[in-house]
Each structure stands twice: as structure tokens, then as C-alpha cells.
Amino acid sequence: MEGERSSDLLDLQKSQGRGITEFSSIFFCPTPFNLSRAAASSAMVSKESCRNEIRAAIGQLSERCLHSAAKWAGEQLVGIEQDPSNFTPSNTRFQRGSSSIRRRFSTNESISTPQPSVGFSQAATPLPEEDDVIDGDLYHLAKSYFNCREYRRASHVLRDQMSKKSVFLRCYSLYLAGEKRKEEEMIELEGSLGKSDAINRELVSLERELSALKRIGAIDSFGLYLYGVVLKEKGNETLARASLVESVNSYPWNWNAWSELQSLCTSIEILNSLNLSNHWMKEFFLASAYQELRMHTESLAKYEYLQGIFSFSNYIQAQTAKAQYSLREFDQVEIMFEDLLRNDPYRVEDMDLYSNVLYAKEACAALSYLAHKVFLTDKYRPESCCIIGNYYSLKGQHEKAVMYFRRALKLNKKYLSAWTLMGHEYVEMKNTPAAIDAYRRAVDINPCDYRAWYGLGQAYEMMGMPFYALHYFRKSIFFLPNDSRLWIAMAKCYQTEQIYMLEEAIKCYKRAVSCTDTEGIALNQLAKLHQKLGRDEEAAVYFEKDVERMDSEGLEGPNMLEALVFLATHFKTHKKFEEAEVYCTRILDYSGPEKEKAKSLLRGIRMEKTGFPSMDMEHFPL
Amino acid sequence: MAGLTRTAGAFAVTPHKISVCILLQLYAPSAQMSLPFPFSSISQHNRLGFYLLSLTKSCDDIFEPKLEDLINQLREVGEDMDAWLTDHLTNRFSSLTSPDDLLNFFNDMRGILGSLDSGAAQDDQIILDPNSNLGMFVRRCILAFNLLSFEGVCHLFTSIEVYCREAHSSSAQYDESNDNLESLIQHDQMDMEKYIMDKATEEIELQKNASGRVPFHLHTPEALFKVTEGLLVTRKEKSRTNTKKAEATQLACASSSTVDDTLVDESLFLRTNYQIQGFLMEQADAIETHGSSLSSSSIESFLQKLQNLAPELHRVHFLRYLNKLHSDDYFAALENLLRYFDYSAGTEGFDLVLPSTGCSMYGRYEIALLCLGMMHFRFGHPNLALEVLTEAVRVSQQHSNDTCLAYTLAAMSNLLSEMGIASTTSVLGSSYSPVTSTASLLSVQQRVYILLKESLRRADTLKLRRLVASNHLAMAKFELMHVQRPLLSFGPKASVRHKTCPVSVCKEIRLGAHLLSDFSAESSTMTIDGSLSSVWLKDLQKPWGQPVFSQESGSRKSSTFFQFCDHLVSIPGSVSQIIGASYLLRATSWELYGSAPMARMNTLVYAALFGDSSSSSDAELAYLKLIQHLALYKGYKDAFAALKIAEEKFLTVSKSKILLLKLQLLHEHALHRKPAKLIHLPALCDHLVYCLKFIHSNFVKSISGNLKLAQRMCNELGGLASTTMGVDMELKVEASLREARTLLAAKQYSQAANVAHSLFCTCHKFNLQIEKASVLLLLAEIHKKSGNAVLGLPYALASISFCQSFNLDLLKASATLTLAELWLGLGSNHAKRALDLLHGAFPMILGHGGLELRARAYIFEANCYLSDPSFSVSTDSDTVLDSLRQASEELQALEYHELAAEAFYLMAMVYDKVGQLEEREEAATLFKMHITALENPQDEEPNMA
């Protein structure tokens, strides 16, 4: 395989003529040092070469009917900053105002200064086209059949063609035919117990054929991609991974292959063990893989780097928004999505995330506007249903919300967030068993979904089973140990009167504090718990911290008053009169019975300080 | 999706049913079809009819036979016309070449049903009554086919293709096996069949009259079919009689034969929900019965497949939980338990939920808590278990689920009684209101008692017979072990008399056994339906003719017989398990009260009758008792031999008690055989103590005889047992009792006395009255051995009085023996008194005592006589010699050299006195032999360690 790849590369170099150094640096860079250099050089040089590469790739991908990969590549192509050579008014119109954010954030020179690499516009196709002429006519027929979704017909037309391209299209359409039949069978065979043994019946023969082809080396990178997909379906993950890696190493522009590969990387160890050659596509892959593995900052860094080249890519923008959403930067996410919708008003992908943000901000009008828009665009997309569900949920019409989430799930059984959201709705409707069922399904689809684990815990807690719920809280914390909300939920569970394990609750609150609890529940609770357990010293420490926090955030309220009262009395009893006085005077700002108490405290303090009887105090001017 | 109600699966047409239909067509050809009528006799025709009847019955099972199996069965049914039958079957199948043929086929099927009103049938035409079993079957098939959409028909068509293809690939090899068939059953076959025929029609008539219609699950004539099956299957079974194995493998085969197939979807057809539930329930029973000896991976793969077929069948998760529980995989067990309850809300497949109570909006998560609590208990987390169970109590009160509450209370009392001591006051006090007021005042035992009473009361009002029975048993156990006191005694302590009451134990056991007579009240229809239908399938595979024709070993036969009866009246497994447990408990109580034969008999009854249906831990206990009995009454050689067998059977079971038994036996054996080498004994004893602690404090998962591991670990873990929480007190007591005995044997009297003293204090502290008696006896022994008879006397007397009030007759007898020995130790002038005491206890000792005790009594008797100044050896030598001879025989079996030497010494002395020199020499040599054996023990290690 090594030889084959390098021969491909030779072709590539020949056709490229001048681009040898750049490409060799991209393909063969064994050390991290080289990597950074390559990255730098690609950032500098390859804007143009990227464009050319993608252009050629789009042609090849759509030639092989890999439409979604072609779509993806097309999006990225347009995402690269305007090609100065064919600067037409229509293009500018398309790109104008495309990213106000981007303009704000991105460095100036990358936009304004023209690249020095104009000469690279000649850079040729990534892979040479082969044997176009031989079976061209039949291939065209098959392709049009394929495009009309008549897969079996397409594969039948190509039955005797031996060129790699034809073999690929034949196998690919056969695979899709099998998938289509499988989907149909799934509905036909649906029994009372959800019988779901429908399988793609073409898999066995496809695997046999592709493995035979691979053995004799008569397989191209597209074939390898298909082989990987087939292996993955058959459950042979390691082989599938190997095949996909081989495919993306020899032809990196096929985003389908990357995303298949990414779905097979379920842990960081697996991801790191992949032997991938360097290419800018790898960065895309890594960014998305990091995101899936909940390494959001790493993922953000990657996307930022990629934005240097693909400054206008909607895809990158959406993914960045996703990562930011996970980091709970809702305001920023909202701006990004607004921007995205301006550029691409008929986009449905990822819009469910936007609706979540709107939901969290309780922006009813905006949410209804979004729902209306996606409804008109394509109502039979799971995302659309999810958005509408969110809208109804915000409006408090939970039955309707459930209906739409259900519809979303009909369209995509593995639609994770719909399960979780449906669980939330059931919780609102006080139908806990149904909620638990929904959450559990989410968890079984993706065991790392901390939201669903949390939901399970909450549901059980609601039913008065706090001890049982603890297990679920523990699970959710395991997957997201840095979220103070989860720790607080667990602490509350320990605090319930049924369990009443205060020591454990204190431990949890401490963790919550160390995770920067934004709502400030933990400090207050810690102080109160310590107070309850009679540890005044600790309680005072936490009350002080809490007061500090509230001061810095400019908050007032009963919590503040409570803390102040406690601190004042505490310091007084411990004879620290200065501190006590400070707190007492603060209390005097408030009205109510506390004020009187503060006054009497102050009196007491002065008396103890001076030894004068309190009566005398009244005569001194304050 | 997330809904809670799921309807039962429907009756679906499958290739197998189509073959049955084809055969039915042959059996009752319609008028239009001009088939040759090849049946040579009426009986042959009837035979086919019966076969078809049993086929239609088993059609409701979860597994369906393949075409190949069907053809094989046909071979045996059809005799000389089997070729014709199979040919027709395969031809018919091959003529189905398009979906249209299927449509026509079912249209034709209609023809074989007679219409209800048409009386104008031809005389010789056989018409199926549409209301008969076969007719119903045909009608259901036709209906199910008519309901199919075209897609459904297409799917049926493809599955028929697969069905036939499989058979073709493997049918060739069976042709030659036809030749060597024996006509074993030719004789009186005709008569038998006539008899069966009459009986069957009678039965069916009866059923019809009783219910007005023929229920599809016609249970009663089942026995008859078994007989027919017996007739049918014998020839085939003849060849594989010797390959039969234990029940477990049979079951495993039943499931794995399908599991092994690579194409699951062809061999496994999903049935109605009820059938699957029943099947799964049966599997659950099997998991419990066979423990971890059942291969967990085979079950696992089977469950995996079942789950693929039916993702909405959440019971699978529960089975997986059970499986993991028994293979000691904590995390997987927990995961699956939670998953099961998350999905089903505890409403699927639990027959203890009465439908009338209905599943509310809230689900039945209290059952989840109950199960979780039991799981924690099993994995040795008593604290967690208690927390969870407390929550279960609370939640079931909240949802007013009294059934669950009763079960939870029972589980809780079980937990408390097993755990011994617990710092549970807070838990109980805060949560369970009836106990709250008094909880802090009560000891653990009293709390157990209250919980049991409470649970029993609820179970009684709810008519949960099984729970009532097991609660009665628990109560009997409690009464057996714990001294009954008035619960809240405010008066002076002196007025409270401690004693046990055998009558109440007996009463409780009897009450428990009532279950057998009225179990049917509770058992839900589902259980029976499901398990019976899979019995049907097993019957097709199992040699039912065996009890009649075979020459198998006795024990097998008896169990087969009982299985037969079991199926006949269809006692649920759980019921027979409880009944079995009552026998075990009886054995235990007899053991305590001191009747060895009764104990042995009850254990034997258990092992013989309930061994197959019991859970593995119960069966293990029975083995343990029997081996202990052997050791006591037959000597160690037999015991070790038996132990070997038991080990093979149970060591795979986790937390095996057998290991414990082995240690005990080794310890006893060592104590008896080589007191001379006692230097090593403390080491062994320590080892034992450590092991005991080790086993219990840690709930070793897979110790499986690996003593080396235990030894290595025991140093680290020795300290763990010191915490009182969660440690089995019985075990602790046993360990230190043995330690004291070892020290005694090593003649380190003061240490022994110290250990015994502290042990007594422990017993007192934790209210272990019965153990107190034996500790007192041990103290008396220690003082006797140390030559301090005066000190020993009060202990012996105290022990006797304890025994008396607790009805421990055997222990009392041996205490009396010790007392007598102590008297004699005070001087020969007390010989008369000692002899009187001994003679008082003799009946008990000789009737129920073990070998050692009996020998000791005999020797002591001789000693008394000899030291009695008024006794003359020369005149009355026979009395002495007789008892000495008895003693020496028993001691030799025990390999108890020390006492044996003493016996022979005395014998030699007596012979010397009497002047029988020859005998004297003989006794002397034997004495010498034992002494040498004592001083330099050979290396006849029992090689058990």
C-alpha cells in the first residue's frame, strides 16, 4: 500500500509540476516540528492550493455520486476567502456581509492582502482521472440512475465494468439499495416487541468482493472507504478503522470517510492511535472528533486555526457555535447563529442547537420565528420537529412538545437530544416513568450523555428515591466532572431528609465551589450546613466567602442578610469586635427586624469594648 | 415507545406452522383432493393424529423445530409410510414457488374444515371439527395468513425458502439410519393406543363440558401425550441414552443448540409475549438452580440474540442481571438491573404485581429498590443494602404497595438476621414507623422478630402464600436459634425465663409446608402457561419413555419420576423450593435438638426429592449436612470421599460453603490424628481462623479451593474481621471455638481457657444463647483436661442447665458425660455417682451420638468400673471388655489414635487380670500400633490441602 500511495503521489507531483515542496511537506512530515512548519506553510501558501484541491475533489466526488461529501467540499470551497482571479459581482454579493463576527474577530491582513501564491492556480487535480472513455457511456447511464435513486438498476448497468470507478459505483449503489431495503423491512417487520433484525442483505457479498479486491490491490481509496463502511456495519470496528484510515490517507478530500472514521473513534486513546498523514483535512477531522469526545477547548483551537483559511465557512462557524454551546457561552452562540442564518437562511442543520439557546434565553418570539422558518423549509427533518417541540415546551404546551419530539424520533431513531428533551417534557408533565424511559433510551444510545443521566437522577429524586437517584447523579458527574450544577444536585440529594448524609453533601458542595459555581448556591449551603452541624468556624469562613462573592456581583437579598447576621454574631461571640462592627453596620442598611438586632449587637459590642454600661452609649453621638 | 402498555404478540404464520398444515391436510384430506390414502390401519392414522396434536400444542413455544427435525420425528411416527409423508411434505414445499401459491394453499386449507352446520358429509371423509384443537389451529393459521399484508406474505415466502434450504443441506445423512431400527415397541402397541385414544377423547369431552369451549392450552391430557411421546421417541433415544448428562447440560443444550446457529433469525421465531415471558422465567429459574455452574456466556449470547429480535422486551435485561449476579459481575449486574427498571418501570413480567392493583402513573420502582437491596446483600454490602431497603419500605408505603412492603420487610429481616449485628438503629428508627417508638430499645434479634411478624401479617392478609410460607420458615429459623423473650419487659430481669420452644419451631415449619396444598391460589396463569409450553418442546426432545424402558440408576430414576409428577401437577419451581427449604430446616432443627437419624433422614428427603429444583446454595447445604453426618458417624475416610464429590459439584459456585466444610473437617481430622505433632496445629488453626475470617469479611469471589491465595491474603485481612459490622457472628464464634479446641489439644490450657472465656463474653454480648451452652461445655473440658475438676464442675452444670432450657438433648448428653468424667476426676470414690450419671445419658449418646462421643462414653464406662473399688474384674470382665471392644472399633474408624490406644491399654490390662494371655498380647500389639501411629504420624495425608 505504501508503494501505491507514493506512486499516486508521484503522479500528483508530475501533474503539479511546481508544487512539490509544499505537498511533500504536507504528506511526509514525521516530526511535530515539521508539523508546525507544515501548518504554518499551509496557512501561508495553501489558500490557493486548497481551493484547487477542493475544486478537483468536488468533481471527483460528485462523479462518484458521493453527494454529501461533495456538498461538504463545496461549502468549504466557498468558505475560502474570495478568489481574486474571478472576482465577479455575483460572488461578492454572495459573500458580502457574510460574517460580521468574522470581520470583527479575524485578523485584517488575511482578508485584505492578496496572497502571493497566484501562480498556483494551475495546481492540478489531486488524483488523475482514469479510464474515462472506456466505459464512459454506461457509467453515465448508471450515474443518472443513481441520481434518480434507482440503485439496483445502476448497479445492474455496471455489472461487467471492471474499472475502479465503475466497481466503486456499482458496489456503492448496491450498498445503498440494501440500506433502502433494510429501512423498509424495519417498518414491515415491526412487531409488538419492536423486532428489528432487519439487516442489509448486500453486506455479505459486498464484503467478500471488496476484500478480494483489496487482496489483489485493485482497490482505490473510494473502494477502501466503502469497504470501511461495510466492515463497520458488520461490526468489525478495528478493520473498518484501518480501512478508513488507509482511504483518507490516500485521498483526504472525502469528508464522508472522515466522518465514518470519526464515529469509530469513541475514545481519545483510539483517536491517538490512528496513523494519519498530515493534511489540512485532518484538522477538520480532529476538530470534529475532539468535539465528540467533549474536548471543547481543543476543538475550538482547531477551528480557529482552520478559520485562517476557510474564513467564511458556514460549517466551521456552526461547529464553533456548537463547541461554544457546550461551554455554555449562550450569548456568543446566539450571535453566531444569527449570523449563520443571515448567510444561509434555509439552513436546517444544527438549528436545533440554536433553538436550544433561544429556549434557554426564553426568547419566545425568536424561537417561533425560527420554527416557522424551518417548518417552511423542510418540515420532515428531525431538527425541524425538535425546534417546534422546543417552542411548544417553552410555551408550556408539553403534550404538543412531546408529539413533535416523537415525530423527530420517528424520523431518526437515534436522535439523541430528542430523547433527552422528551424526557424533560415528561418530567414537566409529571409522568416520571415515561420520562425515565426516554432518558434511558438516550443513555443507551450514547452512554456519555450526561444530561440524560442527570435527568434520570432528577426523575428518581422526584419520586422520593434519593438513594437510588444518587447512582445516576454519580454517573452524570463521571462524564462531566467540572459542572457545578451536577455537584449541587447530588449534594441536594444527600441533604434530603430521607438520607440526611450531611458530610457527603458538604463534600459535594465543596466540589461545586471548586468548579466555580456561578449561581452561588454552594457557598451559601456550605455555610448553612456547617452552621447546622455546629462548626461555626467553618461556617463563618464560607459565609465570608459568600458575602465576598455577592459583593463582587453586586447582589443583595435575604442570603446576604442572613450571612451578615451570622457573621456579626459570630465575631461578636468570638470577641473580634472590629469585624463584628463592620458587619453590623452593613446590616443597618437593611430594614426589618435584623436592623434592630444589629443595633443591639452594636450596643453590646461597645459595652464589652469599653466596659461601660449600655445606657451611657445612648448619649454619645454616633 | 415510552408508553407503559404493551400488547401481547399475535399468532404469526411461520414455515413450521405451514408444515403442520401440510401434514394436517394429509391427515384429513378434503373431498376435492384426490390423494391416495396410504394409511394401512386406523391405528396408524390415529398415530399421526396424535403426533399432530402434540405438534400444535408445542407450536406455542418459543423455539420451533427445523424442517430437518420435523422430518426426523416423522420418521418415527410414520413407520412404513414415513417416506411417503416426508416426500409429500418436501414436494409440497417445493411446489410453493410464488406468493400466489401460498394464497392458494391457505384457500385449500379451508377445505379440510367441516362447516358447523353441514351434516351432508360423505361417510368416509374425515372432517376436522372447527372447534377441535386441530381445527382451531387451522383456523388460527388461516386467519393469521389473511391478516398478512403483501409484504408480510413476501417475508413468509422468503423464510420458507430458508427453511427448506436448511433442511436440504443436512437431510442426506439420515437416510441410512433407518435400517437398524428396532421394533421395540411393536408389542401391545395397538392396545396402548386404543387406550390412549379413548382417554384422550374422554378428556377432551370433559374439558368441553367444563368450560363450554376447548381452551387452546389444554393442559390436562398432557400426561397422555407424554406417554405417546414416550412410545414415539424410544427408538431414537435408544441410541443416545448414554450421552445423557445432567439436567443443566440438557437445558443448556436446549438453548445453545439454537444459539450456535449462525443464522438466528431463521431458527428463533418470536412468539407471543406471554410465551416469551414464560420462557424467560424458566431460564431465570435455571440460573438460580444451577448457579454459576451454568455457563454464563452461553446465556449471555442467547440473551443478546433475543434482544436483537425484540428490543422492546425488557425482561431480557432482568435475565441478564440475574445471570451477571450469579457470575459475580457486580457492575454489569447493577447496570442491567437499573436498565430493566428504567425501561419497564417494574411493570413487566413481575407476577407478584396483581393486575387488580394496576400500574399507576408512578410505576413500580419500589420493586427496583427491593431488587437492588437484595443485590447489594448478595454482593456483601449490607450497609448499602439496608439503606436501599429502607428506601424501598418508604416508597412502598408512599405508593401503598403492600405486597412489596411485605416482601421488603422479609428481605430486611433476612438481612438483619444474616448480618448478625448492625448499627441499624438510626436507619430503622428514622424510617419505619411501627418500630420507631421502640427501635432504640430493641436488640437486633428483636427487631428481626418484629420485622418478620409485620411481614407475615401483611403477607397473610394479602394472601401471598409463598411469602407466608417462607416467612414461616424464617420464623422457625429464628425461633430455633434465638431465645424467646417477652419483647418489652419492664419488670425485673429475674422473672424472665430464657428458653427455646421446639413446639413453636415445629408449628412454624408445618405452617410453612401448608403452601404445597394451596399454592395454586397465587401462581399466576402466565407462569404456568409459559413454562408449560416450553415443557412441551422439551418433551419432544426428552426421552419420556425412559422411566418405563430404561435400566438407569436409581437416583436418576427417582428424580425423573418427580420431574414427571412435577410437570403433571405443574408445581411452580419456587414452591417446591420453599418446601425443600422446610425439609432442610427440619434437618437443622433435628441436628440441634440432637436426633441424628431424623436430621439425616430429612436431609436425604431433601436431596432426593428437591435436589433438582432447589437453588444451588440450598443443595450445597444439604450436601454439607450429609458430609458432616458421615464424618461424625462413619469416620473421615468416607467423609473425605464424599467431600471430593461435593467439591466437584460446587466449587465453581461462588462463596462456596464447601470450602468452609473442608477446613472444618481437616481441622477435626488433624486434632484427632496427631496430637503429638501439635506444634503445627496452632498454625493450622490460625490458618483456619484466618481463612474463616477471610472468607467472610471479604466475600471472596473465586476462592475455589485456592488456599494458597487465602494464606497469602489472610495476613492482610486478619484485621478486617474485627469490625463487628457485616461479619457473620456464627462464623466468628466457630472460629474462636476451634481455636480454643486446638489450644486445648496442644495442652496450652490457660490460653485455651482465655479464648473460651472471651468467646463466652462475646456470645453473651450478642445474645447467642445456644452457642453459650457449647462454650460452657468447652470450658468444662478444658478444666477437666488440666486436671482441675473442681473448677470444671460448675461449668459443666451450667452447660447442662442451658441445654435443658434450650432443648439441646445431644449436647446435654455430652455435657453429662463430661460432668461424670469430672466427678471421677475427683477421686475413685465418686465412681458410683459418675456411673449413674453416665447411664442416665447412655440412651441419648448411643442413639444419636457420633462415633467419638460414643467411644468416649464406652471407655469412660470401663474406667468407672475399673476404678470402682467394689467392682471385681475377674468376675465381671465381660461388661468392661464389651464396652472397650465397642469403643476400639469406633475409634479405629475415626483414626483417633489417642483414645484408641487408651482403650487397648485398658483391654490389655483387663485380659492380664483375667489371665487370657493371648488376647492380652493381641491388645498390647494393637496398643503399640496406635502409640507409634500417634508418635510418628505417617504421611498418609488426606491430600486435601
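The chains referred to below are lettered A, B, ... by the order of the sequence lines, with proteins before strands, and numbering in each begins at 1.
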Once you round to the nearest 0.5 Å, how far does [atom1] of [X] lie from [atom2] of [Y]?
X	Y	atom1	atom2	answer
A:R201	B:T158	CZ	OG1	6.5 Å
B:R394	A:M465	CZ	CE	9.5 Å
B:D342	A:D437	CG	CG	8.5 Å
A:M501	B:E387	CE	CD	5.5 Å
B:L338	A:R440	CG	CZ	6.0 Å

Quiz prompt | Set of residues satisfying side chain to side chain donor-acceptor pair (under 3.5 Å) with respect to A:Y392, sequence neighbours excluded | solution =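 For A:Y392, no residue satisfies side chain to side chain donor-acceptor pair (under 3.5 Å) once neighbours in sequence are set aside.
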Self-check item: Within 6.0 angstrom of A:H156 NE2, more than 12 heavy atoms from elsewhere
Solution: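 Counting other residues, nucleotides and ligands, NE2 of A:H156 stays at 12 neighbours or fewer.
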Quiz item: Should we say atom CZ of A:R149 is surrounded by more than 12 heavy atoms from elsewhere, each under 6.0 Å from it?
Solution: no
Quiz item: Got a sec, which residues hit salt bridge (Lys or Arg N to Asp or Glu O under 4.0 Å) with A:K475, two or more places apart in sequence or on another chain?
Solution: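 Result, salt bridge (Lys or Arg N to Asp or Glu O under 4.0 Å) vs A:K475: B:E335.
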Quiz item: Given A:F467 and B:L369, is the side chain to side chain contact (heavy atoms under 4.5 Å, CB included) satisfied, shown in steps?
Solution: CA-CA 9 Å; A:F467 203 78; B:L369 288 167; 5.8 Å; no
Practice problem: Give, as side chain, backbone, both or neither, the part of B:L384 having an atom under 4.5 angstrom from any heavy atom of chain A. | Solution: both
Practice problem: Give the minimum heavy-atom separation between A:M463 and B:Q398, together with the two atoms involved. | Solution: O-NE2, 3.7 Å
Quiz prompt | Nearest heavy atoms of A:Y468 and B:E391, plus distance in Å | solution =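 So the minimum-distance heavy-atom pair works out to N-OE2, 3.1 Å.
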Quiz item: Under 6.0 Å between the ring centres of B:Y365 and A:Y460?
Solution: yes
Quiz item: Mind checking whether B:L334 and A:H471 have side chains closer than 4.5 Å, heavy atoms only?
Solution: yes
Self-check item: Validation row: B:E151, A:E184 side chains within 4.5 angstrom (heavy atoms)
Solution: no
Practice problem: Carefully, step by step, assess A:I436 and B:Y343 under the rule side chain to side chain contact (heavy atoms under 4.5 Å, CB included). | Solution: CA-CA 7 Å; A:I436 287 172; B:Y343 274 134; over 6 Å; no
Quiz item: Of the backbone (N, CA, C, O) and the side chain (C-beta and beyond), which part of A:Y472 lies under 4.5 Å from a heavy atom of chain B, both, or neither?
Solution: side chain
